[in-house]
Structure formats: structure tokens, C-alpha cells
Participant: 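The structure under discussion is supplied below as C-alpha cells; questions concerning it will follow.
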Amino acid sequence: MAVHWQNMSHINRNEGQKFYVTTPIFYPNAKLHMGHAYSATISDIFARYSRLLGKDTYFLTGSDENTEKAVRAAAGAGQQVFPYLDGIIGGFKNLYKRLDISYDQFIRTTDKDNHWPGVEAFWKRMVDSGDIEKRSYEGLYCVGHESFITEKDLVDGKCPDHRETPQRIKEENYFFILSRYADKIRDIIASDAIRIVPTSRKNEILALLKDGLEDVSFSRPADKMTLGIPVPGDNTQKIYVWGDALTNYLTALGFGRKDHALYDRFWPADLHVIGKDILRFHAAIWPGMLLSAGLPLPKNILVHGLITSGGLKMSKTLGNVIDPVRLIDEYGADAVRYFVARHISPFEDGDMTMDSFKEAYNAGLANGIGNLVSRILKLTSDHRVSSDLPSKEDVFADETVQSYAQSFDEFDIQKACNHIWTRIASMDREIQETQPFKLVKSADAASAARGKAILSKLYRELWIVAVLLEPIIPATAATIQGLIRSNKMPSAPLFARK
RNA sequence: CGCGGGGUAGGGUAACGGUAACCCGUCAGGCUCAUAACCUGAAAAUUGCCGGUUCGAUUCCGGCCCCCGCAACCA
């Protein structure tokens, strides 16, 4: 049976639109955990959805490597810093590969060719705006934190995390006069010029901004930072994390470099995906920096929650840590993607245990889409029934698909998934109620024809589901599409029951 | 009086001014195309507590209790 592709000449409603999505850049000293997999998967789903709509899409991820912690960790492991970092980054990239994360670029802040020129250029713009000032700073310095901590943080005069008495030291730093921009930033967020999703996070940051913003230390003495980028024109200082890390979203596109075609094409970011733990940096410091540098502001910030396990933060001591790679080994990438997409709210903390994961896997994947594919394709292939398959454009033109698209516009991946699984459930019901498996075998020609008509419709509807699944579980979506085109039932279950 | 989120059937979640929906589990039927899957039905929630607004609140307002996260350079 030939598949009739609709010609693609009619106007795609998203033609000419671009979409630039980013993940946070991750700390290389952290062991891989579900949080990394989660952020990356959410971002990837948006990137794939955007491509599915035909938008010009760019998806950035990376790592924040200029930290003393990495230096110490390397030393502890008896390794040189850069090979050590390469090893960690290899782990991230492996996780991404295993998860089918379709990133276009992985930017590393230790990358002198691609990252550093942009950071320097950005710094100079802030200096030109008169927003960078040298000040002496005195405070309590905790070696464990490698940063200043406040009196309030102390417990019995010691840092509660490291149980060390902090040193009172004084040092020269360059400061970013962020306070100047507090009002503007507040207006920008209040007016949704930068839309912060969900609204609860927007309100949270607005409440914070009501009292203004304090200036931020933007550099450290060079002798305290092994890695990192020297302040332009003053190599006794190095640029601290804000100027170095947040700028990755720009530098990766070629900002400050000769080849800035990507920057011209994609900036400003359409979506920064972040965790709630770094909201302040992205919703206060980052817009301030961009205002100072005179650059366009990102359009949306999606603030997701954290994944807990059994209601508690995952931690080694509790033994409730779920290793994403092990999970992928056992269940496959799409199972992990399915779980975080459908069973973790993109807006709030979500819970995940091995039991809840397995339950979701069996219900949604094995008994749900996997079983449905088998039962429909068994019938359509045995009875040689098929149908014309709609193009992707036509799928999205279908009225019943609008709630799916709208959910994505609201960044509500969970709702988009529910749309798909509602379709799956109603197809299961339809088969049961109309009993095409019986009709097709009927001696009565009219009944047999009716059975075939039902199968043809199911065949087509399954295709729509397979298209809608693309952003969520891309490998399975492709497999199903292939099976539909060749009208064959899977030789082995798509998702074996566990 | 720091800020935010949450407390809904045995477990997990949803909804939202008009007598609570879904998933898992339990029980009883059905179907046989399918991965012992799938479909139908049943039992099961005074929607944390107290008060208020309202014809009517799980949904709005006030107070209280409990849980979680954040608390400004710990990414």
C-alpha cells in the first residue's frame, strides 16, 4: 500500500519563525542525576515540537566549568583538571545521547575559542554603560563554599554546611550596579516582556523585586580562581560566575566573535528552561546584564520544579537517588522521557520512585500505546486495510489537535501528553464497542466492509497519534510511523510489560 | 508577623462557584483484535481544621495546624 504524502506546497503556518531554546548549563562536579535528565528532556521536547511545526530551531546546552570545586575534585581524583572535566562532560554527553536529546550545541565555559570572546565582549559593553565599578568588599568567607556567606547563615559562628569558621576577609571586586535596573526589570516581568511561567514564579520574583536589587559582585581575585576568564584590562581579577555562565546563551551563538551568524539568526532566546533553584539569577541578574549591555531580552523562562523521590529530595544518604542511566538501561530512553513528560508537572515539584515509574510504564506504554499499536496493526495488516496518511501540516490543521498545540503554547507538556493518551483510550474503547475484529470476518459483505472502514479510520488515527508523539518519545514515534507505513504489526512488543 | 508551593477516595494526581475527575490497586461482569492486554460496572473522599461571603464553596475571603522549597552572590 502506497502512502500518499500530501504535497508540502501549501503554507506552513510557522514558516520563517525561529525558536531558540536553552537548558541551564550544568555543574561538572555534580554526579549525573534525574534533575539533569529532566531539564534536558523538557528542553528537548520543546525543541522537537518546534521542529515538528517547521520552525527554524536551535537547541543549546552546556556546562559551567570555571569553578574551584572542579579543580579540587580533580586534585582529589589525582587527575589534571582538563582531562578530569572532559571525563565529566563525557558523562553528560553520554546521558544526552542515551536520552535522545537533540541538542545543536554543547557549550563549555572553558572553551576559549567559542565562549571567552563573547564573555569579554559582553563585559566591555557593561563597562561602557558605566555599570561596572571596582569596590572593596569585606565579609565572611567560607572556604568550603568558596564564597562569602552572611552572618545570618552561621550556626554557632560556623558555616552550617561545612562546619568551618569563616574567615573575615577584605577583597577588591568589580561590582555590577544591578540596583539601577531593578525598576526596569520589574516592569519587564510584570508586563510579560519576559514571560515567566508559571505565574506563581512570576509573582515570586515580582515580590522580590519590590524591594529593589542589590549590586552584585562580578569578579574574584585571580589568585582565588584557577580557571576562569580574566577581566579585560585587569588580569588580577577574573570574571565571576554571572558574567561567565549566564552569557553562555549568547556566546554559543557567536556573540562577540567574527562568526555571529547564529547570533543574528536566533537571539533573543525564545525559551530558557531552568529549575526553580536558579530563578533569581535568570529573572533578575540576567535581564539586568542584558539591559546594561543593550541586548534584546529572552522571551520566556520556564521554571520547572525539582524531582523528589518518596516526597523527599533525592540524596545519597537517604538512598533514594534514581540514576537516569540505569533507568534507561532497564526501560529505554522513551520510558524515561514519557515519565517526566506525563507524570511530572513542568511547573511544580514532582515525585518519582521506582514503583511509580514502573506503574506508569506499564499503564501508559505497555498497556497503552504499545498494546494499541499491536492490536490495530495486527488487524489492518491481516486484512490489508490502510488509509491515506495526513501530512504533518494536516495533522496540526485538525481541529481535535488544537488542544494539544495550545498546551504546548502554554508550555504544559503534561497536558499535551494527556491529550495524546486520551486519544489512545478512546481508540481502545472504539475497538471494543464497534468490534471491527468480528465484522471483518463476517460472511455478510456489508458487515465486512463496515469492519474494514472502521479499521481504516483507526489506522489513520493511529498515525495522528504517532505524529503527536514525536516530541515526547521520538524513537517510538518513528518506529510506529514505520510500522504504519509498511502496515506491519510489531514483531515484538514495543514496550514489554515489566 | 520573611517569601512561595502544597494538604482531595488505600496509594498517586486532576478540576474548580453549582453536590468531585483520572491512574494504580480491590471486587463483579464482558470481549478475544492485542503485550494475562482491552472494555463495562461497583465499592471507596463529610476535598487539613475553624469561621465568613453566597441561593450554593473543594473552588472566593479571614484565621489556625501540618508538610516541602527558597530566604539574594551555597549554580
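The sequence lines fix the lettering, A, B, ..., with proteins before strands; numbering per chain opens at 1. Predicted model, so just to flag it, every value in this text is computed and none were measured.
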Participant: Could you tell me if A/R342 and A/N418 have a donor-acceptor pair between their side chains, going purely by distance under 3.5 Å?
Facilitator: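 Short answer, yes.
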
Participant: In terms of the nearest nucleotide of RNA chain B, which residue is placed more toward the 5' end: A/N362 or A/R375?
Facilitator: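 Final value for this comparison: A/R375.
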
Participant: Looking only at atom P, what distance separates B/rA20 and B/rG48, rounded to whole Å?
Facilitator: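 Per the computed distance, 15 Å lies between those P atoms.
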
Participant: Mind listing the side-chain donor-acceptor pairs of residues 278-293 of chain A below 3.5 Å, one per line with the distance, residues two or more places apart or on another chain?
Facilitator:
from   : atom 1 : to     : atom 2 : distance (Å)
A/H282 : ND1    : A/I278 : O      : 3.1
A/H282 : NE2    : A/Y249 : OH     : 2.7
A/W286 : NE1    : A/H272 : NE2    : 3.1
A/S292 : OG     : A/D131 : OD2    : 2.6

Participant: Taking any heavy-atom pair under 4.0 Å as a contact, classify A/D428: base, sugar-phosphate, or nothing.
Facilitator: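 Sugar-phosphate contact only - A/D428 comes under 4.0 Å of backbone atoms but never of a base.
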
Participant: Taking only the C1' atom of each, what is the distance from B/rC31 to B/rC39 in whole angstrom?
Facilitator: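 Going atom to atom, C1' in each nucleotide, I get 7 Å.
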
Participant: From CZ of A/F347 over to P of B/rG6, roughly how many Å is that when rounded to an integer?
Facilitator: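 Value for this atom pair: 13 Å.
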
Participant: Please tell me whether A/H115 and A/T109 have a donor and an acceptor in their side chains that are separated by less than 3.5 angstrom.
Facilitator: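 Result is no, nothing qualifies.
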
Participant: Kindly point out which of B/rC73, B/rC3, B/rC38 is positioned nearest to the side chain of A/N371?
Facilitator: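 Of the options given, the side chain of A/N371 lies nearest B/rC38.
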
Participant: Roughly how many Å apart are B/rG63 and B/rA75, using the P atom of each and rounding to a whole number?
Facilitator: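 Roughly 37 Å separates the two P atoms.
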
Participant: Which residues satisfy the ring-ring contact (aromatic ring centres under 6.0 Å, His included) test with A/F347, sequence neighbours excluded?
Facilitator: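 Testing A/F347 for ring-ring contact (aromatic ring centres under 6.0 Å, His included), a comparison that skips the adjacent residues, returns none.
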
Participant: With sequence neighbours excluded, what pairs up with A/H304 under the ring-ring contact (aromatic ring centres under 6.0 Å, His included) test?
Facilitator: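 For A/H304 the ring-ring contact (aromatic ring centres under 6.0 Å, His included) partners, ignoring immediate neighbours, are A/Y38.
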
Participant: Indicate, with a heavy-atom threshold strictly under 4.0 Å, whether A/L377 touches base, sugar-phosphate, or nothing.
Facilitator: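 No contact at all - A/L377 keeps every heavy atom at 4.0 Å or more from the nucleic acid.
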
Participant: For B/rA71 and B/rA15, measure between their C1' atoms and round to the nearest Å.
Facilitator: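 Looking at atom C1' only, B/rA71 and B/rA15 are 32 Å apart.
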
Participant: Side chains of residues 449-457 of chain A: which donor-acceptor pairs under 3.5 Å do they make with residues two or more places apart or in other chains?
Facilitator:
from   : atom 1 : to     : atom 2 : distance (Å)
A/S456 : OG     : A/S386 : O      : 2.9
A/K457 : NZ     : A/E430 : OE2    : 2.8

Participant: Looking at residues at least two apart in the chain, or sitting in another chain, which of them share a ring-ring contact (aromatic ring centres under 6.0 Å, His included) with A/Y181?
Facilitator: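 None.
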
Participant: Between B/rC73, B/rA75, B/rU40, which one does the side chain of A/F175 approach most closely?
Facilitator: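 Out of B/rC73, B/rA75, B/rU40, the nucleotide with an atom closest to A/F175's side chain is B/rC73.
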
Participant: Whole angstroms only, please: what is the CE-P distance between A/M225 and B/rA75?
Facilitator: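 The distance from CE of A/M225 to P of B/rA75 comes to 12 Å, rounded to the nearest Å.
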
Participant: Backbone N or O of A/I472 within a donor-acceptor pair of the A/R337 side chain at under 3.5 Å?
Facilitator: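 Side chain of A/R337 to backbone of A/I472: a pair is present.
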
Participant: At 4.0 Å (heavy atoms only), tell me whether A/F281 reaches a base, stays on the sugar-phosphate, or touches nothing.
Facilitator: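 Counting heavy atoms under 4.0 Å across all strands, the contact made by A/F281 is with sugar-phosphate only.
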
Participant: With heavy atoms under 4.0 Å as the rule, sort A/S217 into base, sugar-phosphate or nothing.
Facilitator: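 The residue A/S217 makes base contact.
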
Participant: Grab the two heavy atoms, one from A/V197 and one from A/F411, that are nearest each other, plus how far apart they are.
Facilitator: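 Of all heavy-atom pairs spanning A/V197 and A/F411, the closest is CG2-CD1, 3.8 Å.
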
Participant: Could you give the distance separating B/rC23 and B/rC38 at their C1' atoms, to the nearest angstrom?
Facilitator: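 To the nearest whole Å, 16 Å.
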
Participant: Using the salt bridge (Lys or Arg N to Asp or Glu O under 4.0 Å) criterion, which residues pair with A/D64? Sequence neighbours excluded.
Facilitator: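 Applying salt bridge (Lys or Arg N to Asp or Glu O under 4.0 Å) to A/D64 gives none.
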
Participant: Without decimals, in angstroms, what is the distance between A/K498 NZ and B/rA36 P?
Facilitator: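 So the NZ-P distance, A/K498 to B/rA36, works out to 15 Å.
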
Participant: Can you tell me how far C1' in B/rU19 sits from the matching atom in B/rU46, rounded to whole Å?
Facilitator: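 Taking atom C1' in both B/rU19 and B/rU46, they lie 12 Å apart.
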
Participant: B/rA44 and B/rC60: how far apart are their P atoms, nearest whole angstrom?
Facilitator: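 The answer is 28 Å between these two P atoms.
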
Participant: Given B/rA72, B/rA75, B/rU35, identify the nucleotide with an atom nearest to the side chain of A/D277.
Facilitator: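 Nearest to the side-chain atoms of A/D277, counting from C-beta on, is B/rA75.
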
Participant: Kindly give the atom pairs (protein nitrogen or oxygen, nucleotide nitrogen or oxygen) under 3.5 Å for nucleotides 21-32 of chain B.
Facilitator:
from   : atom 1 : to     : atom 2 : distance (Å)
B/rC24 : O4'    : A/E359 : OE2    : 3.1
B/rC24 : O2'    : A/E359 : OE1    : 3.3
B/rG30 : N2     : A/Q432 : OE1    : 3.4
B/rU32 : OP1    : A/K438 : NZ     : 3.1

Participant: What residues, two or more places apart in sequence or in another chain, satisfy side chain to side chain donor-acceptor pair (under 3.5 Å) together with A/E359?
Facilitator: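 Counting only residues at least two positions away or on another chain, A/E359 forms no side chain to side chain donor-acceptor pair (under 3.5 Å).
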
Participant: Send over the distance from A/K452 NZ to B/rC33 C1', rounded to a whole Å.
Facilitator: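 About 15 Å, once rounded to whole Å.
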
Participant: As a check on the pairing definition, encode RNA chain B in dot-bracket form, counting Watson-Crick and G-U wobble pairs whose two distances are under 3.5 Å, and using | for partners outside this strand.
Facilitator: .((((((..((((.......)))).(((((.......))))).....(((((.......))))))))))).....

Participant: Using atom C1' of each nucleotide, how far apart are B/rC49 and B/rG12 to the nearest Å?
Facilitator: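 About 24 Å, rounded to a whole number of Å.
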
Participant: Atom CG of A/D355 and atom C1' of B/rU13: how far apart are they, to the nearest Å?
Facilitator: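 Rounding to the nearest Å, CG of A/D355 and C1' of B/rU13 are 16 Å apart.
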
Participant: Starting from the 5' end of RNA chain B, give me the residue, A/S374 or A/A425, whose nearest nucleotide shows up first.
Facilitator: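 Its nucleotide being nearer the 5' end, the pick is A/S374.
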
Participant: In whole angstrom, what separates A/M489's CE from B/rC38's C1'?
Facilitator: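 Atom-to-atom, A/M489 to B/rC38, this comes out as 14 Å.
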
Participant: Atom OH of A/Y249 to atom P of B/rA75: distance rounded to whole Å?
Facilitator: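 Interatomic distance, OH of A/Y249 to P of B/rA75: 15 Å.
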
Participant: Using whole Å, report how far CG of A/D64 lies from C1' of B/rC73.
Facilitator: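 Answer to the nearest Å: 13 Å.
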
